[in-house]
Amino acid sequence: MLFMCELQKKPKISSSRKLGLKIKLLAVATQMLEEEKNQKIKEKEAMLAERLPPLNLSGLSLQELQDLCKELHRKIDVVDEERYDVGLKVSKNDVEIENMKLKITEIQSKFKKPHLRRVKISAEAMLSVLLGSKHKESFDFKANLKTVKKEEEKKEEVTDWRKNVEAMSGMEGRKKLFDASGN
């Protein structure tokens with residue numbers, strides 16, 4: 001049986017081969033990162049060229065230049081407001097993400113209660129554990145318990161409820177209830 005298991009196992013890769021593969025993977029990953037950075041830079045330049053056409057200031061009068069400056073200031077204000085709003089949303093999302101991470105770590109790190117087993121121990125043994133060497137006497141706990149006398153409950157006689165209703169009807173019945181409650 002052992003012989004068959006050994007035949008089915010695949011041969012292990014040597015450490016030098018693993019190291020060579022890791023080096024090649026890292027080289028490919030760094031090359032991909034550089035290509036991605038270059039692609040992002042090109043996309044950014046294309047977006048800026050699309051949104052911001054080049055300014056042609058030659059041949060403009062003083063009034064036209066002032067109007068152009070006012071227009072640019074208005075656009076800058078709009079962009080600043082958008083940037084501020086986006087920044088607030090991002091910071092709010094960051095705080096929420098941080099709170100979620102804290103909750104996750106709290107949930108994952110909660111202490112699980114171990115299952116406790118019942119242990120039968122006598123009262124004397126418990127006292128010796130709790131008090132140590134101070135415990136020399138043995139106590140009889142049952143002898144120290146108080147005895148309680150049970151009083152018999154007063155049982156009301158079961159009578160016909162119709163007679164009780166007739167007796168308590170009207171003002172006389174209310175007067176009887178009032179007098180009975182005052183005693």
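The structure displayed is predicted, hence computed values, not measured ones.
Taking NE2 of His73 as the start and CG of Leu68 as the end, the distance is 10.0 Å to the nearest 0.5 Å. The CD1 atom of Ile97 sits 10.5 Å away from atom CD1 of Ile104, with the distance rounded to the nearest 0.5 Å. Of the inter-residue distances, the one linking Asn93 atom CG with Glu98 atom CD reads 13.0 Å to the nearest 0.5 angstrom. Here CG of Asp94 is found 11.0 Å from CG of Asn99. Values are rounded to the nearest 0.5 Å. Of the inter-residue distances, the one linking Ile76 atom CD1 with Glu71 atom CD reads 11.0 Å to the nearest 0.5 angstrom.
Counting heavy atoms from C-beta on, the side chains of Lys92 and Leu88 never come closer than 4.5 Å. The shortest side-chain heavy-atom distance between Ser14 and Arg17 falls under the 4.5 Å cut-off. Proximity of Asp67 to Gln63: side-chain heavy atoms (C-beta onward) are separated by under 4.5 Å at one or more points.
Scanning for side-chain hydrogen bond (donor to acceptor under 3.5 Å, both in side chains) contacts around Ser61 gives an empty result, with sequence neighbours left out.
Within the structure, no pair that satisfies the side-chain hydrogen bond (donor to acceptor under 3.5 Å, both in side chains) test touches residues 18-35, not counting sequence neighbours.
Note: the hydrophobic cluster containing Leu72 does not contain Val79 (ILVMFWY, side chain heavy atoms under 4.5 Å, direct or indirect links).
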Report task. Please report the C-alpha distance between Thr105 and Lys101 in whole Å, then the side-chain angles of each, then the deciding distance to 0.1 Å, and finally whether the side-chain contact (heavy atoms from CB on, under 4.5 Å) criterion is met. Result -> CA-CA 6 Å; Thr105 54; Lys101 285 181 181 178; 5.6 Å; no

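Under a 4.0 Å N-O distance rule, the pair Asp77/Arg74 does not qualify as a salt bridge.
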